[in-house]
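Encoded as structure tokens, the structure appears first; notes follow it.
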Amino acid sequence: MKALTITFTDSKEESMMDVPADKVTAAAEGKKAVGSPPSLVWGGLKRDKYLYLLALPGLIYFIVFRYVPMWGVIISFQEYSPYQGVLNSPWVGFDHFARFFSNPDFLLLFRNTMAINLLSLIFFFPLPILLAVLLNEIRVSSYKKVVQSIIYLPHFLSWVIIVGITFLLLSTGDGVVNKLLVAFGFDKVDFLTNKNYFWGLLTLQSIWKDAGWGTIIFLAAIAGVDPQLYEAAKMDGASRLRQIWHVTLTAIRPVIVILLILRIGHMMDVGFEQVFLMMNGAVSDVADVFDTYVYRLGVRQGQFSFSTAVGLFKSVVGLLLVIGANRLAKKFGEEGVY
């Protein structure tokens, strides 16, 4: 009588027998890759090498012109002398910051800088969004390209040319606007020497120069909106304005929020060249900002440490504004910058 032999086989082994050999090998390689982070990093670099090469010039630019010069901020804590150098100049701690905050000019500079930037934020920032939406509604492509070229052109003009045009239009003596006012029986207006007009002129110049250029990012964001969303809105009976409000603006809202956060981070920057060229003795009380103050003290008077302290103060405030605006955006359910 033969003995009965019973063999028990693990179900997992049976299931593995049914799997093709190439899949088993791929799974083993995948498990090995997961366990070795350096291999993942090298594999990612090798796979996307052309993308990294494309980003390399920008990376080099930021390292050389943004990060490397940051070590120079240490002179804001020194009484820097070009003859002694950075390493041998005496340390003074926060004396320059205390001097700056106690200076009567601080409140004046802060007021002018914030006022100009608030006007730009309120009147300039929404215009590229509006222009992008209007351009998106143009159905004749040739006409759309002509309009885009016209509104992009002022961006490539320097502030010297734009300020020169402003003087030709608004000067009291030979200005075109004042000549028209006199021709219609009105008195001449001192646009360039009246403090009440200075902030408004800066805002109008910025709008004319860069509002069209700012539409590029928003047009790119609008181009990425799914056309099916518009079709669905039409099926629901939405008018064109309703489609713009509920589809277009809603779809590009993350882009708007990110650019708004970045713009808030530049609230302490006005733009030295524009203000410096428009500035004169009659409007200095409303024209003097942190940038012109740094130029006057740092470049013309040689107070390098003090002017560096002012610049560091601007940078720190800008960083805090970005962090605060980003957290506020996240509280409202937006993605934010990071």
Side-chain angles (χ1 to χ4, degrees), residues 44 47-48 50-52 54-55 57-59 61-62 117-156 203-204 206-267 269 271 318-338:
R47 183 182 65 252
D48 302 325
Y50 295 110
L51 294 178
Y52 287 109
L54 185 64
L59 183 63
Y61 167 79
F62 275 97
N117 276 299
L118 283 174
L119 287 173
S120 177
L121 189 65
I122 295 171
F123 296 103
F124 172 74
F125 182 79
L127 278 181
I129 304 172
L130 178 61
L131 284 174
V133 171
L134 293 177
L135 287 171
N136 185 61
E137 296 301 313
I138 298 177
R139 294 293 174 257
V140 182
S141 59
S142 58
Y143 177 69
K144 180 179 180 179
K145 291 179 181 179
V146 171
V147 173
Q148 284 180 288
S149 300
I150 292 173
I151 64 177
Y152 292 166
L153 182 62
H155 173 77
F156 299 98
T203 305
L204 290 174
S206 299
I207 289 173
W208 185 78
K209 185 177 189 296
D210 290 324
W213 184 256
T215 61
I216 294 177
I217 296 178
F218 296 111
L219 284 172
I222 293 174
V225 180
D226 189 354
Q228 295 181 358
L229 296 176
Y230 293 104
E231 295 177 3
K234 289 180 181 178
M235 294 290 292
D236 292 337
S239 63
R240 199 62 197 172
L241 289 176
R242 286 291 183 182
Q243 293 177 39
I244 293 173
W245 181 261
H246 293 288
V247 179
T248 305
L249 293 179
T250 301
I252 68 173
R253 186 173 62 186
V255 178
I256 296 174
V257 171
I258 290 174
L259 292 179
L260 179 60
I261 293 172
L262 296 177
R263 179 64 187 85
I264 290 174
H266 288 279
M267 287 296 288
D269 297 322
L319 176 62
L320 294 177
L321 287 173
V322 168
I323 294 174
N326 188 73
R327 289 185 177 180
L328 186 62
K330 286 184 174 295
K331 286 185 178 181
F332 282 95
E334 302 296 336
E335 294 182 2
V337 178
Y338 58 90

Is there a side-chain contact between [X] and [Y] (heavy atoms, below 4.5 Å)?
{"X": "Leu328", "Y": "Phe332", "answer": "yes"}
{"X": "Tyr230", "Y": "Val225", "answer": "yes"}
{"X": "Val140", "Y": "Lys144", "answer": "no"}
{"X": "Val322", "Y": "Ile264", "answer": "no"}
{"X": "Arg242", "Y": "Asp236", "answer": "no"}

Kindly compute the distance separating [atom1] ([X]) from [atom2] ([Y]), expressed to the nearest 0.5 Å.
{"X": "Thr248", "Y": "Leu229", "atom1": "OG1", "atom2": "CG", "result": "9.5 Å"}
{"X": "Gln243", "Y": "Arg240", "atom1": "CD", "atom2": "CZ", "result": "4.5 Å"}
{"X": "Thr203", "Y": "Ile122", "atom1": "OG1", "atom2": "CD1", "result": "9.5 Å"}
{"X": "Arg263", "Y": "Ile256", "atom1": "CZ", "atom2": "CD1", "result": "15.5 Å"}
{"X": "Thr250", "Y": "Ile244", "atom1": "OG1", "atom2": "CD1", "result": "11.5 Å"}
{"X": "Leu241", "Y": "His246", "atom1": "CG", "atom2": "NE2", "result": "10.0 Å"}

Please evaluate residues Gln148 and Leu219 with respect to the criterion side chain to side chain contact (heavy atoms under 4.5 Å, CB included), reporting the C-alpha separation (whole Å), side-chain torsions for both, the decisive distance (0.1 Å), and the verdict. CA-CA 11 Å; Gln148 284 180 288; Leu219 284 172; 3.2 Å; yes

Decide yes or no on side chain to side chain contact (heavy atoms under 4.5 Å, CB included) for Val133 and Trp245, but give the supporting numbers first. CA-CA 10 Å; Val133 171; Trp245 181 261; over 6 Å; no

Does atom [atom1] of [X] have more than 12 heavy-atom neighbours from other groups under 6.0 Å away?
{"X": "Glu137", "atom1": "CD", "answer": "yes"}
{"X": "Lys145", "atom1": "NZ", "answer": "no"}
{"X": "Tyr152", "atom1": "OH", "answer": "yes"}
{"X": "Ile217", "atom1": "CD1", "answer": "no"}
{"X": "Tyr338", "atom1": "OH", "answer": "yes"}

Looking only at heavy atoms, which two atoms of [X] and [Y] are closest? And how far apart?
{"X": "Pro128", "Y": "Phe124", "answer": "CD-O, 2.9 Å"}
{"X": "Ile150", "Y": "Pro154", "answer": "O-CD, 3.3 Å"}
{"X": "Asn117", "Y": "Asp269", "answer": "OD1-O, 3.1 Å"}
{"X": "Ala211", "Y": "Leu127", "answer": "CB-CB, 4.5 Å"}
{"X": "Leu321", "Y": "Gly265", "answer": "CB-CA, 4.5 Å"}
{"X": "Leu121", "Y": "Leu260", "answer": "CD1-CD1, 3.7 Å"}

With Ile252 as reference, evaluate Val257, Leu259, Ile222 under the side chain to side chain contact (heavy atoms under 4.5 Å, CB included) test and give the passing residue. Ile222

